[in-house]
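Here the structure comes first, spelled out in structure tokens, and everything after it is commentary.
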Number of protein chains: 2
Amino acid sequence: MTELEKYIQNSFAVSKEDLSKISAFFKPVLLKKNDHFLKTGRYCDRLGFVQSGLIREYVTIDGKEITKWISTQGYFVVDLSSFLFHRAARWNIQALTDCELYVIDQKDYQQIGNVIPSWPELEKLFIAKCFTVLEDRILTHLSMTAEQRYQQLFTYNKELFNQVPLQYLASMLGMTPETLSRLRKKSIG
Amino acid sequence: MTELEKYIQNSFAVSKEDLSKISAFFKPVLLKKNDHFLKTGRYCDRLGFVQSGLIREYVTIDGKEITKWISTQGYFVVDLSSFLFHRAARWNIQALTDCELYVIDQKDYQQIGNVIPSWPELEKLFIAKCFTVLEDRILTHLSMTAEQRYQQLFTYNKELFNQVPLQYLASMLGMTPETLSRLRKKSIG
DNA sequence: TGAATTTCTTGATTTATGTCAAGAGCAGGC
DNA sequence: GCCTGCTCTTGACATAAATCAAGAAATTCA
């Protein structure tokens with residue numbers, strides 16, 4: 001079983017048979033560091049699965065880049081609003097390192113439903129799961145200090161800190177790079 | 001067409017026929033001010049539609065109540081994680097005023113799929129829409145000051161400010177009641 | 001390898017926001 | 001209608017985090 005299949009099985013709880021049907025729709029795509037998978041304003045007509053590498057989702061507001069999230073192996077990358085509702089994409093999605101993705105285009109994505117009858121249900125549950133993750137994330141902003149948010153990210157995603165430029169992690173945590181730098185110093189000793 | 005039907009049609013883009021099939025599953029429920037629709041730790045086996053009144057979703061952390069959202073007419077209230085994944089509910093849902101709800105229990109909810117074949121697809125799109133709303137909300141915490149967040153809420157949800165205790169709005173905006181009070185003073189003059 | 005560029009850290013300072021405490025305003029229950 | 005609690009505001013102060021500026025460290029790339 002490929003990594004992609006493993007993750008799909010975990011995320012969607014499909015049978016082994018359906019699994020290979022689904023994964024057959026995905027095609028490997030290589031992104032070089034700094035390549036964009038998607039740019040704001042374009043139409044997002046494909047969904048990517050991160051097989052390896054790091055990829056950043058961000059938006060530029062008043063000349064400042066706000067990093068919403070950094071996806072690592074096992075994450076899907078997409079602008080959901082654009083992919084599902086045919087809106088202009090709001091997010092830039094850019095490789096932080098060379099990346100291997102498995103990509104499905106929208107046409108093929110719509111085929112999955114024909115092949116696997118329960119697909120809309122599985123999809124719904126997956127998106128609902130993502131929704132609850134965002135609920136938690138909002139809660140961290142309502143109830144935690146910058147320091148607590150840093151500690152939490154460091155505890156659960158330590159690997160990011162030696163692979164991702166700290167300025168991006170700072171942005172994703174809702175603080176300035178200087179503040180993150182000081183919290184790290186304080187925390188490490 | 002009832003309010004409920006109007007909102008369902010808006011949210012889910014269903015035919016008029018399907019609409020009445022769906023709405024028939026909902027039963028009216030009255031909540032008195034301060035009644036709980038759901039409490040943390042319980043299992044959320046029903047979904048409510050707010051026909052009138054105000055209802056607050058909150059969680060208690062370290063003895064402090066954090067208000068996640070305040071739902072007004074046209075919103076659905078539910079702990080999605082509990083309703084779909086059979087987990088213990090994370091949110092308290094409590095009436096801020098007397099409320100009229102239309103409520104569907106989980107058993108009936110599962111019937112909708114039998115009556116309306118495209119239901120999982122419609123549901124998926126609705127949840128995806130909610131997901132993008134939360135994405136935006138996270139962005140406000142990453143890119144805006146407390147003052148900007150207040151101004152935004154005041155601009156787009158003015159009606160909340162004379163109906164909801166300000167301490168709850170403050171919490172929902174991620175600031176203290178004192179800060180909100182000062183921002184209001186500053187803003188009004 | 002070494003120059004150029006970017007990223008990170010640090011210090012000084014300012015600003016935004018939180019905390020604590022007191023009192024004013026309002027609302028609900030008797 | 002009038003207590004009794006809540007809720008909101010205000011002030012004084014403390015703290016967290018942002019900003020600005022400079023230099024150190026790391027990375028990129030020729």
Side-chain angles (χ1 to χ4, degrees), chain A residues 31-35 53-54 56 58 60-67 70 94-99 140-154 158 160-189, chain B residues 31-35 53-54 56 58 60-67 70 94-99 140-154 158 160-189:
Chain A
L31 282 188
K32 286 268 171 218
K33 180 171 177 172
N34 295 327
D35 281 355
L54 293 158
R56 176 171 76 110
Y58 71 96
T60 302
I61 298 179
D62 299 333
K64 274 190 202 162
E65 287 184 359
I66 310 292
T67 296
I70 291 170
Q94 183 184 28
L96 286 178
T97 62
D98 291 356
C99 288
T140 68
H141 284 279
L142 299 185
S143 67
M144 291 165 84
T145 63
E147 180 163 9
Q148 292 170 319
R149 293 198 301 277
Y150 156 69
Q151 290 290 356
Q152 178 179 283
L153 187 68
F154 188 70
K158 230 180 234 83
L160 290 179
F161 286 79
N162 42 34
Q163 297 182 77
V164 174
L166 295 171
Q167 57 180 318
Y168 300 148
L169 297 182
S171 172
M172 184 173 132
L173 285 165
M175 65 185 77
T176 61
E178 292 94 331
T179 295
L180 178 57
S181 175
R182 291 185 177 107
L183 292 175
R184 271 160 50 83
K185 188 182 177 188
K186 190 172 161 187
S187 156
I188 293 167
Chain B
L31 283 187
K32 286 268 171 220
K33 179 170 176 174
N34 295 327
D35 281 356
L54 293 158
R56 176 171 77 111
Y58 71 97
T60 302
I61 297 180
D62 299 333
K64 274 189 203 163
E65 288 185 359
I66 311 292
T67 296
I70 291 170
Q94 183 184 28
L96 287 178
T97 62
D98 291 356
C99 288
T140 67
H141 283 279
L142 299 185
S143 67
M144 292 165 83
T145 62
E147 180 163 9
Q148 291 170 319
R149 292 197 303 277
Y150 157 70
Q151 289 292 355
Q152 178 179 281
L153 187 68
F154 187 71
K158 230 181 233 83
L160 290 180
F161 285 80
N162 42 32
Q163 297 182 78
V164 175
L166 294 171
Q167 55 180 319
Y168 300 149
L169 297 181
S171 173
M172 184 175 131
L173 285 166
M175 65 185 76
T176 61
E178 291 93 333
T179 296
L180 177 58
S181 175
R182 292 186 176 106
L183 292 175
R184 271 160 49 84
K185 187 180 177 186
K186 189 172 161 187
S187 157
I188 294 165

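Just so we're on the same page: letters track the sequence lines, and every chain starts at 1.
If you take CD of B:Q167 and C1' of C:dT19, they are 16 Å apart, rounded to a whole angstrom. The distance from atom CG of B:N162 to atom P of D:dT7 is 17 Å, rounded to the nearest whole Å. If you take CG of A:L169 and P of C:dC8, they are 9 Å apart, rounded to a whole angstrom. In this entry the distance linking CZ of A:F161 with C1' of D:dA26 reads 18 Å, nearest Å.
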| task | Assign a letter to each nucleotide of nucleotides 9-20 of chain D from its 5' end: B, base within under 4.0 Å of a protein heavy atom; S, sugar-phosphate only; -, no contact. | result | SBBB----SSBB
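Side-chain atoms of A:T97 come within 3.5 Å of backbone atoms of A:L54 as a donor-acceptor pair (strictly under, hydrogens ignored). Here the side chain of A:Q94 pairs a donor or acceptor atom with the backbone of A:N34 at under 3.5 angstrom. No donor-acceptor distance shorter than 3.5 angstrom exists from the side chain of A:D98 to the backbone of A:K32, with no hydrogens or angles considered.
Under a cut-off of 6.0 angstrom, the local environment of NZ in A:K64 is sparse, with at most 12 non-hydrogen atoms contributed by other residues, nucleotides or ligands. By the neighbour-count criterion of 12 heavy atoms within 6.0 Å, atom NZ of A:K158 is densely surrounded, having more than that number from other residues, nucleotides or ligands.
The distance from atom OH of A:Y150 to atom CZ of A:R184, rounded to the nearest 0.5 Å, is 6.0 Å. In this structure, B:E147 CD and B:L173 CG are separated by 12.0 Å, a value rounded to the nearest 0.5 Å.
No side-chain donor-acceptor contact under 3.5 Å links A:T140 and A:R149.
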Check the interface with nucleotides 28-30 of chain D: list each N/O to N/O pair with the protein under 3.5 Å, or write none.
| from | atom 1 | to | atom 2 | distance (Å) |
| --- | --- | --- | --- | --- |
| D:dT28 | OP1 | A:K33 | NZ | 2.6 |

